[in-house]
Structure formats: C-alpha cells, structure tokens
Amino acid sequence: MLDLRWVRDNIDVVQEALEKRAAKVDLSRFKELDSERRTLIVKVEHLKNERNVVSGEIAKLKKAGAPADDKIEAMRTLGDDIKELDERLADIEDELNRLMMDIPNIPHESVPVGEDETCNPEIRTWGEQPKFDFEPKPHWDLGLDLGVLDFERAAKITRARFVLYWDLAARLERALLNLMLDLHTGTHGYTEVFPPILVNDTSLTGTGQLPKFADDLFKIEDDNLYLIPTAEVPVTNIHRDEIFAGDDLPRHYCAYTPCFRREAGAYGKDTRGLIRHHQFNKVELVKFVHPETSYDELEKLTANAEAVLRALNIHYRVISLCTGDIGFSAAKTYDIEVWLPGFGGYKEISSCSNFEDFQARRANIRFREHPKAKPQFVHTLNGSGLAIGRTVAAVFENYQQADGTILIPEALKPYMGGAERIVAKKF
RNA sequence: GGAGAGAUGGCCGAGUCGGUCGAAGGCGCUCGCCUGCUAAGCGAGUAGGGGGUUAUAAACUCCCUCGAGGGUUCGAAUCCCUCUCUCUCCGCCA
C-alpha cells in the first residue's frame, strides 16, 4: 500500500506509474473520497470535542448535586449527529481503503519501461550452455525413464500438478534444500527460521496476496486459514506490528517451506514436469532493512541466490523485470533464469524483489532511527534462494549423460549419502 | 472437544457505585544535576495513529486507540454481546 498523503500530493506520479504498469485504478474517485473524508473528519471531530467538553460539565454538575437535564438532552441529539457522520465516514474510509489496496507499488526509476515479459532486459549471464554429443532430454523424460519421478501415482494420490519422488530424486530434493540453507546461513549470514505454513488473512494482506489475489491461494474454509504460496508470507509477517530499534536492522532470514499455489490462470502452461506444481519446496530469503540501503541489499540478495547455481555450476542469466511484468507489490525485481538444455530454454528459478515500504506499510513494520525518533517504515525484500523443484529439473537436465543417468554435482555429493549418479530403477 | 480464569503504556501493575483516565505506582530507558570511580541520590522527560494550523520544520491544537469488533449511555478501561489470543483442569492425540 502507498502512503495516503503521498498519493494525494503526487497524484500525477501515481497516474503515470499505473499507466506504465497497465493497471486500472480510478484516481478521480480517489480524489473525491480523499477530500470528502477530510471534510467529514473536521466536522465530526468538532462535534466530538463539544460532546467531550459538555460531558465534563455534566460530570461536574452531577457531583455538585445540580441538575443537568437540559445539557443531557442537548447531548442526546448531538450524539445522534455524531453517529450519523461517523457512519458516513466509515463508509468512505472503507471504499478509500479498498481503492488504496488496489494500487500497485510504484516501480523504481531504474526499472525498464515495457509492456510485457518480452521487454525484460538481460542484466548478466553466468557460465555457459553445456555441450552434449547427444540430444539432451527434458527432465520429465529423464525422470520417467529413471523411474524416480512418478507423476502418475501423484495424480492418483492427489491430482495433476503434483509429483511423487522416489529414492535418489527424493534424496536430491533434500540435498538441495540442505545445500541452500547451509550456504545462506553459513557463507551469507542469514538466520534460519521455520515458520507455520498455514496463515491467516491478515498475514496475506500484509504481504499483498490479499485481497487481490485470493484465487491463487488454497484456502482451508472451516478454519479461515490459507496454505502459504511462499515463505515470504509468514516470514515477512514475523515482524508485523513491530518496531525495530535502529541498530536491529538489517535482519536477514532464510526459510525452507513447502509452497502451495492454485495456478488458477495457468491451465495449459508448463503442464509437463516439475516446473509448475500446486505444491513445491522453496528456500526463501527475506530481508528487513533501512530504506537507504534497500537497493544495495537487493543486489546482494540476488547475488546470494545466484550463488546456489554457481555452486552447482549451472548456467543462468539475470533479467530485470520491466514495468509491465513486475509484480503488484514490488518496486523492482530481478529474475534469475536457469538454463534447461532438455527443455531448450531459460526458466525462472528465483525472483528477487525490493518492495520498499509497500509491504511494511500494509504489515505495519517499522523502525526508529534513534530511540526518540518517530517510527518509520522499513523496507522489505525477498527472493527465492531457490525454488527446489525447478533446481531438481535443472540438475537433471544439465547433468544428464548419454546413457540416461544423471551425475551428482560435486557440491551435492556430501549430501547424497555416497551416491555418484542416479541410475534407472523400477519402483 | 468440555469446564474455568484472564488480556491495561517498553515491562510489571492499580483502576472504587460508569463521570474530567491516555490512565496511579514501580521498573526500565533518555537527558540534566550531584558524587574521586562504581553504586546510590536529585530533577525532567518517556505510546501509537489520524485531522487542523504550518514550509509534509518546530510549536500549538483537536479526535481516536486500555486484545479486536459491535452495543447500552449525555458520558465506558469500567456494563452487555460476538470474536481472537493466553493460562489452568479434563478428554483426545504425533
């Protein structure tokens, strides 16, 4: 959410940003509601002041044993007026609030202007596409041939877009998440947390998934709880309604969690393999930082996520999302796209964003520069470090051999219980 | 799931029959004074949000907030209702 006063004073900036994002929000309605709200506040507060003053007088009279009936009678009608104005004010604030909730974040000035994902510029690449003297297979064929990725049984147990891993594929998933957590907690200095994966609607509103994106979430109706679509939600909400002391910042957290997404708008997209599932594991990086440092922190966070692919020695590129492709809450986003030789293209494996104070304002996460200073909003950032299912896919495709087996990358060997490669087996 | 108790400022804790309570007292913290050092002592300050005025400064002023939301009342931290959370006991359970 943006700051109400800031929007009021910078309505043209907001309008321009909305156009760049191709977002539809009615700012003329905003102007109406905002000015009506302020007029009403002045009126009703004036009346409330009178009520408070006269109530004090009534108290005095009663104590002195004097009659106060005429004042009480006058206050009765005043009370009705206040009630009516308060109700109108509440209606206006509701509508204004809904409107504010629908306004996406303002992209940072460094974000490239563009209509859609075809306009995202490449920032850098690392490594090279591996050369094969055979036709590399996509990971789903590799997994099926080796017997370790069982989509059929997963569909039986649950439904499509779920997977059952067998044996060394299951082990590989666990190896990867351990490698990632060890790297981020060790070398990169993040604090590991393990949060709840069912959350309430306040948490989802804080990070921006609600109210706008309810369709993307799995909901437990009976308890009014949701399965998290990303660890960003519980981890960012750790500090909801809290005020940091200035020297408590920055905070760097990493968390492994399963993630659940309904993928409501994605029918027919990435239907094969591990790319787009309803349930997947992810290691997430989340930062709470001083506003002045947040863009430096975004560069570092992205580099920390990249470090996983470097450790695995897998080629990738980093792109900067343009104004038309950037997420609702983000001010700037880098996507890391991993090379999948069998699939024959790059695929997003991490999305690293600076939300500036957009989430912090919704979730009310603040800090004090000095003990006596007014609280101000922190900046929040997060990024995948990495999506684990897609990393499994990347390992499969990049480390496949002519005989259909998959070599275990050097960095994963300590985690694989002595296994050197994944070979075909029937389960 | 059943029965009961509770939720007040950074923390602890008072709040009488609803009446000047945003809230006694203590601790902590900040600033100043004092004292060879330390400790102690003295004085002052110490919630958040939203309006008005203003330069989106300082200062001043008003309104709201005593878990959340609603109600009763001229007036609610105090009374009533709903919800959430915490604690105790019973049941169930990895």
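Just so it is clear, the model here is predicted, and its values are computed rather than measured. Below, chain A is the first sequence line, B the second, and so on; all start at residue 1.
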(message) One pair to check against ring pair (Phe, Tyr, Trp, His ring centres under 6.0 Å): A:Tyr226 and A:Phe218. What are the steps and the verdict?
(response) CA-CA 6 Å; A:Tyr226 299 80; A:Phe218 283 107; over 10 Å; no
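The ring-ring contact (aromatic ring centres under 6.0 Å, His included) test with A:Phe288 is passed by exactly one of A:Tyr253, A:Phe377, A:Phe355: A:Tyr253. Across A:Leu407, A:Leu142, A:Leu146, a single residue satisfies side chain to side chain contact (heavy atoms under 4.5 Å, CB included) together with A:Gln400, and that is A:Leu142. Considering A:Ser353, A:Ser110, A:Ser294, A:Ser320 as possible partners of A:Lys332, the one that fulfils the side-chain hydrogen bond (donor to acceptor under 3.5 Å, both in side chains) test is A:Ser110.
Nucleotides B:rG28 and B:rU84, compared at atom P, are 39 Å apart to the nearest Å. Nucleotides B:rA77 and B:rA59, compared at atom P, are 28 Å apart to the nearest Å.
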Nucleotide N/O to protein N/O under 3.5 Å, stretch nucleotides 70-74 of chain B:
| from | atom 1 | to | atom 2 | distance (Å) |
| --- | --- | --- | --- | --- |
| B:rC74 | OP1 | A:Arg76 | NH1 | 2.0 |
| B:rC74 | OP1 | A:Arg76 | NH2 | 3.4 |
| B:rC74 | O4' | A:Ile72 | O | 3.3 |

Under-3.5 Å N/O pairs linking protein and nucleotides 45-49 of chain B:
| from | atom 1 | to | atom 2 | distance (Å) |
| --- | --- | --- | --- | --- |
| B:rG48 | OP1 | A:Arg368 | NH1 | 2.7 |
| B:rG48 | O3' | A:Arg366 | NH1 | 3.0 |
| B:rG49 | OP1 | A:Arg366 | NH1 | 3.1 |

I'd like a list of close polar pairs between nucleotides 52-60 of chain B and the protein, N/O only, cut-off under 3.5 Å.
| from | atom 1 | to | atom 2 | distance (Å) |
| --- | --- | --- | --- | --- |
| B:rG52 | OP1 | A:Arg38 | NH1 | 3.3 |

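When the side-chain contact (heavy atoms from CB on, under 4.5 Å) test is applied to A:Lys156, no partner is found at least two apart in sequence or on another chain. By the side chain to side chain donor-acceptor pair (under 3.5 Å) test, A:Arg421 pairs with A:Thr405, sequence neighbours left out.
Aromatic ring orientation, A:Phe162 versus A:His278: tilted (interplanar angle from 30° to 60°).
The partner of B:rG69, taking Watson-Crick or G-U wobble pairs whose two distances both stay under 3.5 Å, is B:rC81. B:rC34: no Watson-Crick or G-U partner with both key distances under 3.5 Å is found in any strand. In this structure, B:rA76 makes no Watson-Crick or G-U wobble pair, since no nucleotide meets both defining distances under 3.5 angstrom. Of all nucleotides present, none satisfies the Watson-Crick or G-U wobble test against B:rC21 with each distance under 3.5 Å. Across all strands shown, nothing is found opposite B:rA14 as a Watson-Crick or G-U wobble partner with both distances under 3.5 Å. Searching all strands for a Watson-Crick or G-U wobble partner of B:rC29 with both distances below 3.5 Å returns B:rG45. With a cut-off of 3.5 Å on both pairing distances, the Watson-Crick or G-U wobble partner of B:rC60 is B:rG52. Of all nucleotides present, only B:rG4 satisfies the Watson-Crick or G-U wobble test against B:rC87, with each distance under 3.5 Å.
When ring centroids are compared, A:Phe328 and A:Phe213 come within the 6.0 Å threshold.
Between the CG atom of A:Asp335 and the NZ atom of A:Lys347 there is a distance of 11.0 Å, given to the nearest 0.5 Å.
The distance between atom CD of A:Glu93 and atom C1' of B:rC64, rounded to the nearest whole Å, is 11 Å.
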Please set out all donor-acceptor pairs under 3.5 angstrom arising from side-chain atoms of residues 385-399 of chain A, sequence neighbours excluded.
| from | atom 1 | to | atom 2 | distance (Å) |
| --- | --- | --- | --- | --- |
| A:Arg390 | NE | A:Ile275 | O | 2.8 |
| A:Arg390 | NH1 | A:Glu348 | O | 2.7 |
| A:Arg390 | NH2 | A:Ile275 | O | 2.9 |
| A:Thr391 | OG1 | A:Ala387 | O | 2.6 |
| A:Glu397 | OE1 | A:Gly342 | N | 2.8 |
| A:Glu397 | OE1 | A:Phe343 | N | 2.9 |
| A:Glu397 | OE2 | A:His139 | N | 2.7 |
| A:Glu397 | OE2 | A:His139 | ND1 | 2.8 |
| A:Asn398 | ND2 | A:Trp339 | O | 2.9 |
| A:Asn398 | ND2 | A:Ala394 | O | 2.8 |
| A:Tyr399 | OH | A:Leu312 | O | 2.4 |

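Within a 6.0 Å radius of NZ in A:Lys212, other residues, nucleotides and ligands contribute more than 12 heavy atoms.
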